Amino acid sequence: MTGSKVTARGVEPSVESQLELAFLPLHKRALGMATGFVSAVLVFGATLLHMARAENTYPLHLLGQYLYGYSVSLEGALVGAFWAGVAGFVAGWFFAFCRNFALAVSSLIVRTRAELRETRDFLDHI
């Protein structure tokens, strides 16, 4: 590992490798799947919790306005989990896409400016 230093805690990566890891593109499908799974579990869990408490303190029936076929029941929880998973996947995928696109554009701008700065006095050397 070039640029790494060995300490009592082990091998610490260099600043360059840490920055490289920080600016790696996100995997769109993986982030979409994770966001969709969490969304589905939250809707399913909230519905089951609401049914177990048997109180009308949470207006979960309003999720039916956004999740087609959702109701505060076991079948509705499954349908709501499905649609929340789909919406979560799309949201996570879109977020990763936008972040990757923004990083690519900003990287291109920084690289282009640096190359222009290096070749600014090119004609002076001819």
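Position 1 is the first residue of the sequence, and the numbers go up from there. Values in this document were obtained by computation on a predicted structure and should not be read as measured data.
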Name the atoms and distances for all side-chain donor-acceptor pairs under 3.5 Å in residues 106-115, with sequence neighbours left out.
residue: Ser106; atom: OG; partner: Ala102; partner atom: O; Å: 3.1
residue: Ser106; atom: OG; partner: Leu103; partner atom: O; Å: 3.1
residue: Ser107; atom: OG; partner: Arg111; partner atom: NH2; Å: 3.2
residue: Thr112; atom: OG1; partner: Leu108; partner atom: O; Å: 2.7

Tabulate below the donor-acceptor pairs under 3.5 Å that side-chain atoms of residues 29-37 make, not counting sequence neighbours, or state none.
residue: Thr35; atom: OG1; partner: Leu31; partner atom: O; Å: 2.8

Return a table of donor-acceptor pairs under 3.5 angstrom between the side chains of residues 72-90 and protein atoms on other chains or two or more places apart.
residue: Ser73; atom: OG; partner: Ser71; partner atom: OG; Å: 3.0
residue: Ser73; atom: OG; partner: Gly76; partner atom: N; Å: 3.1
residue: Trp83; atom: NE1; partner: Tyr68; partner atom: O; Å: 3.1

- Query: How would you list, by chain and number, every residue that makes a side-chain contact (heavy atoms from CB on, under 4.5 Å) with Tyr66, sequence neighbours excluded?
  - Reply: none
- Message: Restricting to non-hydrogen atoms, name the atom on Arg99 and the atom on Leu26 that form the minimum distance, rounded to 0.1 Å.
- Response: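 Distance-wise, the nearest heavy atoms are CD-CD1, 3.2 Å.
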- Task: Specify the closest pair of heavy atoms between Leu67 and Val43, including all atoms of both residues, with the distance to one decimal.
- Result: CD1-CG1, 4.3 Å
- Query: Hey, what else clusters with Leu42 if you join Ile, Leu, Val, Met, Phe, Trp, Tyr whenever side-chain heavy atoms sit under 4.5 Å?
  - Reply: Val38
- Message: Please check if the number of heavy atoms outside Glu20 that lie under 6.0 Å from its CD is greater than 12.
- Response: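 Atom CD in Glu20 is not packed in, count stays at 12 or less.
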- For residues 94-118, which residue pairs qualify under ring pair (Phe, Tyr, Trp, His ring centres under 6.0 Å), counting only residues two or more places apart or in two chains?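 Applying ring pair (Phe, Tyr, Trp, His ring centres under 6.0 Å) to every pair that reaches into residues 94-118, excluding sequence neighbours, yields Trp93-Phe97.
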